[in-house]
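A quick write-up on the structure given underneath.
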Amino acid sequence: MAATAMHKFPQDQYVDAVRWLPQLSPLDRFAVLALFDFDSDASSIQIHSLTPNPFSLQPQFSWSSPSRISSLKTSLFLQKPLIVASTAAGSLHFLFADSSDASFDSEVSLPEGTLHSVPASSVDLMDGGVECVTAGEDGKINLVGVGESNLSCRRLFDSGGLVSYTAARWASSVEFATGGYGFSLQWWDQRKPGGPVSNFKGNWDKKLSSGIVHSIDIHPSRKHTCLAGGSLGTVFAWDLRWQQQPIILSGAGAGTGAGNTMIQSICESEVWEVQYDRCIKSNTSSTRILPSMICSEDGILAVIEQGEEPVELLAEACAINSFDIDRHNPSDVICSLEWEAVAILTRQ
């Protein structure tokens, strides 16, 4: 599969993250950009409208952030678009958009120091936006309940600094996964408090002992499998049914493909984000890992499929530090070329 069309939209600020805003109607499409201005040290979240003819991405609304955005997610809450952002200073912000024109409607937040003792936590929104999980390098896991005008938060776990968490992803209304240093993954179940119910340590290669998990995805049809991406071009899957046997998709130990040929890793730098690629209809059996998309520090956007050669969609001179696949139109991908632009790809 290759990109059939690509449009680049130059930005005059550093692009920290991009997300599609959940679609309000088939005719209205919006993207969310987290931006940082080096000259003024100002950060903002902007909502841009996407128009097809001529193809353009135009800023519509802007919200000033107290500090740089470290994690950005979107969802729907009571049929209204919801944006959640954590900042480098440690604050957490929930921005509610108007359901008619995607303008910023209201904002509720938790100030720095409320949830984590160190900044830049990872966040994820549950589908429906009713609860948010935050995971920090200080070893704290928090759950934040979302209301229309208020937030409720509770500490689920505190490792006391013995374990650091760098990524988080919901699996169900009561379960989620986290990732951290040493390519470790943890599985949590709120019905079983006191700590993670399963742990995975990435010890298949001694060179990876210091690797970091930057991103996790969990497919709704295969809740038992965590997809993870991180340091040294590494992408792997952890199947809870075979807990200590990772399936390496890229990076050290990626394995062989058809004809017993070695699968080449698509990149060698940090993999900043992984998502299951819903655009590809996999005909493989349930034992195979579903196709996924990755982006990396060395400017690669690619599709990875178990046992197949990776398919490169973009190769840029700067880092691609985030991307998002449109849930309603999975052939459309938006990605951030950190120093230069936002790119939108449409595939067939």
Given the rule in the side-chain contact (heavy atoms from CB on, under 4.5 Å) test, do Ile344 and Phe55 qualify, once you have shown the distances and angles that lead to the verdict? CA-CA 10 Å; Ile344 295 178; Phe55 203 87; 4.0 Å; yes
Classify the side-chain pair [X]/[Y] by whether it contains a donor and acceptor separated by less than 3.5 Å.
{"X": "Ser65", "Y": "Ser43", "result": "no"}
{"X": "Ser49", "Y": "Gln60", "result": "yes"}
{"X": "Thr178", "Y": "Gln186", "result": "yes"}

Tell me, do [X] and [Y] make a side-chain contact under 4.5 Å, heavy atoms counted?
{"X": "Leu249", "Y": "Leu227", "result": "yes"}
{"X": "Val123", "Y": "Leu125", "result": "no"}
{"X": "Ser198", "Y": "Leu240", "result": "yes"}
{"X": "Asp124", "Y": "Ile216", "result": "no"}
{"X": "Arg191", "Y": "Glu175", "result": "yes"}
{"X": "Tyr165", "Y": "Ile141", "result": "yes"}
{"X": "Ser322", "Y": "Glu338", "result": "no"}
{"X": "Leu290", "Y": "Ser221", "result": "yes"}

Please report whether the ring centroid of [Y] lies less than 6.0 Å from that of [X].
{"X": "Trp20", "Y": "His328", "answer": "no"}
{"X": "Phe61", "Y": "Phe30", "answer": "no"}
{"X": "Phe38", "Y": "Trp339", "answer": "yes"}

Quick one: is the NZ or CZ of Arg222 closer than 6.0 Å to the six-membered ring centre of Tyr276, and within 45° of its axis? no
Pair Asp324-Val333, side-chain contact (heavy atoms from CB on, under 4.5 Å): steps then yes or no: CA-CA 6 Å; Asp324 198 21; Val333 182; over 6 Å; no
Common cluster, [X]/[Y], ILVMFWY with side-chain heavy-atom separation under 4.5 Å:
{"X": "Trp187", "Y": "Phe200", "result": "yes"}
{"X": "Phe96", "Y": "Ile83", "result": "no"}
{"X": "Val118", "Y": "Val163", "result": "no"}
{"X": "Leu78", "Y": "Val144", "result": "yes"}
{"X": "Met126", "Y": "Leu156", "result": "yes"}

For Gln46, does the CD atom have more than 12 heavy-atom neighbours from other residues, nucleotides or ligands under 6.0 Å away? yes
Polar side-chain atom of [X] near backbone of [Y] as donor-acceptor pair, under 3.5 Å:
{"X": "Ser70", "Y": "Ser86", "result": "yes"}
{"X": "Ser269", "Y": "Asp298", "result": "yes"}
{"X": "Trp170", "Y": "Asp127", "result": "no"}
{"X": "Gln275", "Y": "Phe323", "result": "yes"}
{"X": "Ser164", "Y": "Glu137", "result": "yes"}
{"X": "Gln11", "Y": "Phe9", "result": "yes"}
{"X": "Asn321", "Y": "Trp272", "result": "no"}
{"X": "Thr166", "Y": "Gly179", "result": "yes"}

Minimum heavy-atom separation for [X] to [Y], with atom names?
{"X": "Ser91", "Y": "Thr87", "answer": "OG-OG1, 2.8 Å"}
{"X": "Ser215", "Y": "Ala167", "answer": "N-CB, 4.0 Å"}
{"X": "Ala17", "Y": "Ser336", "answer": "CA-OG, 4.5 Å"}
{"X": "Asp158", "Y": "Asp138", "answer": "OD1-O, 4.2 Å"}
{"X": "Cys279", "Y": "Ser331", "answer": "SG-CA, 3.7 Å"}
{"X": "Lys80", "Y": "Ser99", "answer": "CG-CB, 4.4 Å"}

Quick check for you: to the nearest 0.5 Å, what is the distance between [X] atom [atom1] and [Y] atom [atom2]?
{"X": "Leu151", "Y": "Leu92", "atom1": "CG", "atom2": "CG", "value": "7.5 Å"}
{"X": "Met6", "Y": "Leu314", "atom1": "CE", "atom2": "CG", "value": "5.5 Å"}
{"X": "Leu50", "Y": "Leu57", "atom1": "CG", "atom2": "CG", "value": "6.0 Å"}
{"X": "Ser159", "Y": "Lys140", "atom1": "OG", "atom2": "NZ", "value": "9.5 Å"}
{"X": "Ile320", "Y": "Leu337", "atom1": "CD1", "atom2": "CG", "value": "5.5 Å"}
{"X": "Ile47", "Y": "Leu95", "atom1": "CD1", "atom2": "CG", "value": "8.0 Å"}

Go through the steps to decide whether Asp217 and Arg169 satisfy the test side-chain contact (heavy atoms from CB on, under 4.5 Å), and finish with yes or no. CA-CA 6 Å; Asp217 199 13; Arg169 185 70 171 175; 3.0 Å; yes
For Asp332, the option from Arg29, Arg278, Arg347 that meets salt bridge (Lys or Arg N to Asp or Glu O under 4.0 Å): Arg29
Leu143 and its side-chain contact (heavy atoms from CB on, under 4.5 Å) partner, picked from Leu115, Thr134, Val133: Val133
Is there a side-chain contact (heavy atoms from CB on, under 4.5 Å) between Trp188 and Phe157? Walk through the geometry before answering. CA-CA 10 Å; Trp188 306 79; Phe157 184 75; 3.4 Å; yes
